[in-house]
Structure formats: C-alpha cells, structure tokens
Amino acid sequence: FVAKLTDALGEAEETLVWLEVAEECGYLDPALLENLTQAARRLIGGLVKMMRHPDQWCGPAGLVREDAELYDSD
C-alpha cells in the first residue's frame, strides 16, 4: 500500500513540474497555474498523511483477502 502511495506521490510531484512548464509555454495563465498547484499540493499532503499512517487506511488482512479457490483453474 505504501509503495503505491509512494508511486502516486512521485507522479503528483512530477505533475507540479509539468504545470510550471505548461505555464512557461503559455498554455496556462498564472491564476490557473496557482489554482492547479494548490490542488496538487493538497493532494500531495493527503498522500503523505496516508503514508505516515497506513493502518488507518487499510483494514485487517482478513477483510481484504479473497478465497484462493475463486481463482483456481483446475
């Protein structure tokens, strides 16, 4: 779970860079860049909180596992 959150964090941080590039190339006006940057930073903050306390976001293993026999192909 944390590994996937780490991947998402990296992607969100990369998005910040591409937002700046888009603004520099004239695709975004500064006000829109600011709005999108703030939204991305809120998202990043949420990901970091989830990474710090993953137990709050994951239930007990027994609740998230499925019976192996559902996937048996014998």
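Note that the coordinates shown come from a computational prediction; the quantities given were computed from them, not determined experimentally.
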*Asks:* With rounding to the nearest 0.5 angstrom, report the CD to CD distance, E11 to E13.
*Replies:*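 The CD atom of E11 sits 10.5 Å away from the CD atom of E13.
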*Asks:* Do V21 and I44 land in one hydrophobic cluster if side-chain heavy atoms of ILVMFWY residues count as linked below 4.5 Å?
*Replies:*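 V21 and I44: separate clusters.
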*Asks:* With sequence neighbours left out, what residues match Q56 under side-chain hydrogen bond (donor to acceptor under 3.5 Å, both in side chains)?
*Replies:*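 By the side-chain hydrogen bond (donor to acceptor under 3.5 Å, both in side chains) rule, Q56 matches no residue at all.
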*Asks:* Under 3.5 Å, which donor-acceptor pairs link side chains of residues 23-38 to any protein atom two or more places apart or in another chain?
*Replies:*
residue: D29; atom: OD1; partner: A31; partner atom: N; Å: 3.0
residue: D29; atom: OD1; partner: L32; partner atom: N; Å: 2.8
residue: E34; atom: OE2; partner: Q38; partner atom: NE2; Å: 2.8
residue: T37; atom: OG1; partner: L33; partner atom: O; Å: 2.7

*Asks:* State, to 0.1 Å, how close L47 and A12 come at their nearest heavy-atom pair, and which atoms those are.
*Replies:*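 Heavy atoms of L47 and A12 come nearest at CD1-CB, 4.4 Å.
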*Asks:* Please answer: with hydrophobic residues joined when any side-chain heavy atoms are less than 4.5 Å apart, are L43 and L9 in the same cluster?
*Replies:*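 Yes: a chain of side-chain contacts under 4.5 Å links L43 to L9.
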